[in-house]
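Encoded as structure tokens, the structure appears first; notes follow it.
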Amino acid sequence: MPKLTIDGVEVEVDAGLTVLQACEIAGREIPRFCYHERLSVAGNCRMCLVEMERAPKPIASCAMPVGDGMVITTDSETIRQARKGVMEFLLINHPLDCPICDQGGECDLQDQAMGYGYDRSRYAEEKRAVKDKNLGPLVSTVMTRCIHCTRCIRFATEIAGVPELGATGRGEHMEVGTYVEKTLSSELSGNIIDLCPVGALTSKPYSFNARPWELKKTESIDVMDALGANIRIDTRGAEVLRIVPRNNDDVNEEWISDKSRFACDGLRRQRLDQPFVRQDGKLQAVSWDEAFAAIAGKVKSTSGNKIAAIAGDQADCESMYALKKLMESLGSANMDCRQDGAAVGEGSRAGYLFNSTIAGIEDADAILIVGADPRLESPVLNARIRKRFLGGNVSIGVIGEETDLTYRYDYLGAGPDTLADVAAGSNSFAQVLKDASNPMIIVGSGVLTRADSAAVLGTARKLAEATGMIADGWNGFNVLHTAASRVGGLDLGFVPGEGGAGTNEILSGSMDVVYLLGADEIDMAALGGAFVVYQGHHGDAGAHRADVILPGAAYTEKNATYVNLEGRVQRTQLASFPVGEAKEDWAILRALSAELGQTLAFDSLAELRDRMTTATPSLGNIDDIAAAEWGGFGADGAMNNDAFASPIENFFMTDPISRASQTMAECTAARDNSTTARTGTHG
């Protein structure tokens, strides 16, 4: 490990680091614009200059590898003057329009100009002006502010894998754009807003809405997919104005998908803010007592085996636990957290987890993707696969739809026949998996909703066992869920009890009372003449079918527990209060239980969590992953010849919140109007 002296202090750092990183380890602050720890080194802003002994001039510390015996000075008069000179050049053509810039108050250029800049400008010539670019409905541009750091270009090319941004021209004529004007097609495009160190790229939906110091910032968890990305919710009063990512190297690094970031405007549209009861064929606003009385009147006259419950994709663990206990007290075993009817959760817990963990993708050297489109189902996880691909020495095979995943892969086939060949060892990719040190299979949730899903899952299990995916310290069998509630619901046992009916049986029209906990993705017509109680936060499909509506809280409006696809337990935090008369979901169920004469055994969220974690201890280990023991799951049987398909047709609209979002509607329209189609890049 090389030793170097930084401002008179000797430090020892890992080989391969840059001088800038070594200075940070030594506690010295180095200004920078182009450098970012997750992007390749560009070395083009020159703000990170430092002095190195025996060097004829200051060096760019972001591009200089550390060497043994280096003597670095970070705060000499020469360096101070050099940084002032660099800042003066950067500001020559900058419009200096901070009062109207959305980046004001959280702008790297502002901060570093204050800390390292010069107190006046000597530039008296005409300033350059650059035409703004139209990058679609998400990213707003004021390109005159651009300082050519190229962070956005490097992100689009390296992380997102959609190289649509680039630079044309040279010197002061250089412009960043899409060459031919078009909407950015990456599902991660909003991250360039966070990366931009100036106000050249800002959030179009958030434009001119608020200043950073007006906002209350709440750390929470995203529930738009099963990844469980760490986010920060920024609110003013009762309104969520924006959502930005928080860093978590084990989950989302510092990226979130465009849906996670921009669908928050759907939180204030089509909201359910008071109870409703259907009277004379029309939903009428009523009090909570009247709504509970209507439910009690029906439930008390109905046998338990004719009462059922389905939990939706964004239901939290507390509400599912409360609903499960209520159903059991009513004598019903008819419940399911798998509203898509997925045949997963029976048998070993390892059969429904992303066992290798999200960060474990970086250790894999062979990956088989079965019936999944991770680019649409979990864009941030897909970026992690791309990161592993760029690291080299990995083979990726795909069975299913042939589409652009942003990295090269071997297309093996469309359906179960190919999977059976790989499992039997007659496909060449089987040998690739066997030869790998850490082979991995990713089974998409679309596979699990087929009629032959149990047989497909069983085949995938046999393949994992035959190719060495299950070993000490490594479990390469992974299920890619799309629902934030799925793993938590399965851990809680929110599945049919002995003799109970699951989603498919409930949707056969055989039930008299059906309780929908935020379940909107089912065929409402299949409920037949059932009395439907819908508890949720948006006037979506479930509310239109309901006989009684109980307004609940969205994920930004409650303290709740979620378990992501790898089994990591995380909690959301209340950022704003539920709208109108809406209440937190567990509180609604507790109040309803009292009306039904089956009072649940808790009076507070703390008591509920205590009972929930007693029943399922893993849910008490926050930010921890309880590894699952390998065991039997799936089934033997014949698979049909239908091709595998992803369950997501429109990435931007997959749940009640995103369907209510005007921004997501604009993204859908832009996608539909685009003249470019996704094309395969496999090899």
Side-chain angles (χ1 to χ4, degrees), residues 6-7 18-24 26-37 39 41-52 55-64 72-130 141-155 167 169-176 192-202 211-212:
I6 299 175
D7 291 341
T18 63
V19 170
L20 187 151
Q21 292 170 313
C23 290
E24 288 188 332
R28 309 301 295 176
E29 182 180 350
I30 305 295
R32 82 293 298 268
F33 290 114
C34 68
Y35 173 79
H36 191 279
E37 55 269 21
L39 303 175
V41 173
N44 54 11
C45 78
R46 319 311 286 181
M47 196 66 198
C48 65
L49 295 174
V50 297
E51 276 192 290
M52 183 173 72
K57 58 183 180 180
I59 63 167
S61 61
C62 71
M64 175 66 71
I72 302 295
T73 305
T74 69
D75 196 28
S76 66
E77 182 59 28
T78 299
I79 291 303
R80 286 193 290 270
Q81 290 301 319
R83 289 172 179 168
K84 286 181 179 179
V86 170
M87 184 62 69
E88 192 175 356
F89 275 118
L90 287 175
L91 294 177
I92 277 177
N93 284 305
H94 200 77
L96 304 179
D97 56 351
C98 301
I100 64 163
C101 178
D102 265 330
Q103 197 87 337
E106 49 189 9
C107 174
D108 290 349
L109 188 63
Q110 273 185 341
D111 296 342
Q112 294 186 42
M114 285 291 292
Y116 304 98
Y118 199 53
D119 62 355
R120 71 204 61 161
S121 173
R122 295 173 288 179
Y123 188 76
E125 310 300 322
E126 291 185 1
K127 290 200 173 211
R128 174 189 73 140
V130 180
T141 64
V142 182
M143 299 312 294
T144 303
R145 300 172 185 159
C146 179
I147 62 169
H148 302 161
C149 71
T150 69
R151 280 185 179 182
C152 57
I153 296 173
R154 284 175 284 151
F155 174 84
R170 299 182 66 188
E172 72 168 12
H173 299 293
M174 175 178 165
E175 295 186 21
V176 173
I192 63 177
I193 296 168
D194 300 328
L195 288 172
C196 184
V198 296
L201 304 175
T202 56
R211 289 298 193 183

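Note that the structure is predicted; figures quoted are calculated from it, not measured.
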Output for pair (Asp108 CG, Gln103 CD), nearest 0.5 Å, gives 7.5 Å
The side-chain hydrogen bond (donor to acceptor under 3.5 Å, both in side chains) partners of Asp111 (sequence neighbours excluded) come to none
In terms of heavy-atom contacts, Asn44 and Cys149 come closest through OD1-O, 3.6 Å
CD (Glu126) with more than 12 external heavy atoms under 6.0 Å: no
Checklist entry - Is Ile6 close to Val19 at the side-chain level, that is, under 4.5 Å between some pair of heavy atoms? => result no
Side chain Arg154, main chain Leu39, donor-acceptor under 3.5 Å = no
In this structure, SG of Cys196 is separated from CZ of Arg145 (nearest 0.5 Å) by 9.5 Å
CG of Asp75 to CZ of Arg80, rounded to nearest 0.5 Å, is 5.0 Å
Open item on the list: I'd like to check Thr144 versus Asn93 (side-chain heavy atoms, cut-off strictly below 4.5 Å). Are they in contact?
Closed with: no
Sorted by chain and residue number, the salt bridge (charged side-chain N to carboxylate O under 4.0 Å, His left out) partners of Arg46 (sequence neighbours excluded) come out as none
- Would the number of heavy atoms belonging to other residues, nucleotides or ligands and lying under 6.0 Å from OH of Tyr123 be above 12? yes
Residues at least two apart in sequence or cross-chain that pass side-chain hydrogen bond (donor to acceptor under 3.5 Å, both in side chains) with Arg170, listed by chain then number, are none
Note: Gly105 and Gln110 closest approach over all heavy atoms is N-OE1, 3.0 Å
Taken in chain and number order and not counting sequence neighbours, the residues that satisfy salt bridge (charged side-chain N to carboxylate O under 4.0 Å, His left out) with Arg83 are none
Tyr35 meets the ring pair (Phe, Tyr, Trp, His ring centres under 6.0 Å) criterion, sequence neighbours left out, with none
Ile79 and Leu49 have their tightest heavy-atom pair at CG2-O, 3.5 Å
Worksheet entry | Beyond-backbone contact of Leu20 with Met64, side-chain heavy atoms, under 4.5 angstrom | no
Separation between CZ (Phe33) and NE2 (His148), nearest 0.5 Å, reads 14.0 Å
Taken in chain and number order and not counting sequence neighbours, the residues that satisfy side-chain hydrogen bond (donor to acceptor under 3.5 Å, both in side chains) with Asp194 are Arg261
How about Arg122 and Glu88: do any of their side-chain heavy atoms sit closer than 4.5 Å?
yes
When every non-hydrogen atom of Cys62 is compared with those of Gly43, the smallest separation belongs to SG-CA, 3.8 Å
task: Decide yes or no for Val86 and Gln112: does some side-chain heavy atom of the first lie under 4.5 Å from some side-chain heavy atom of the second?
output: no
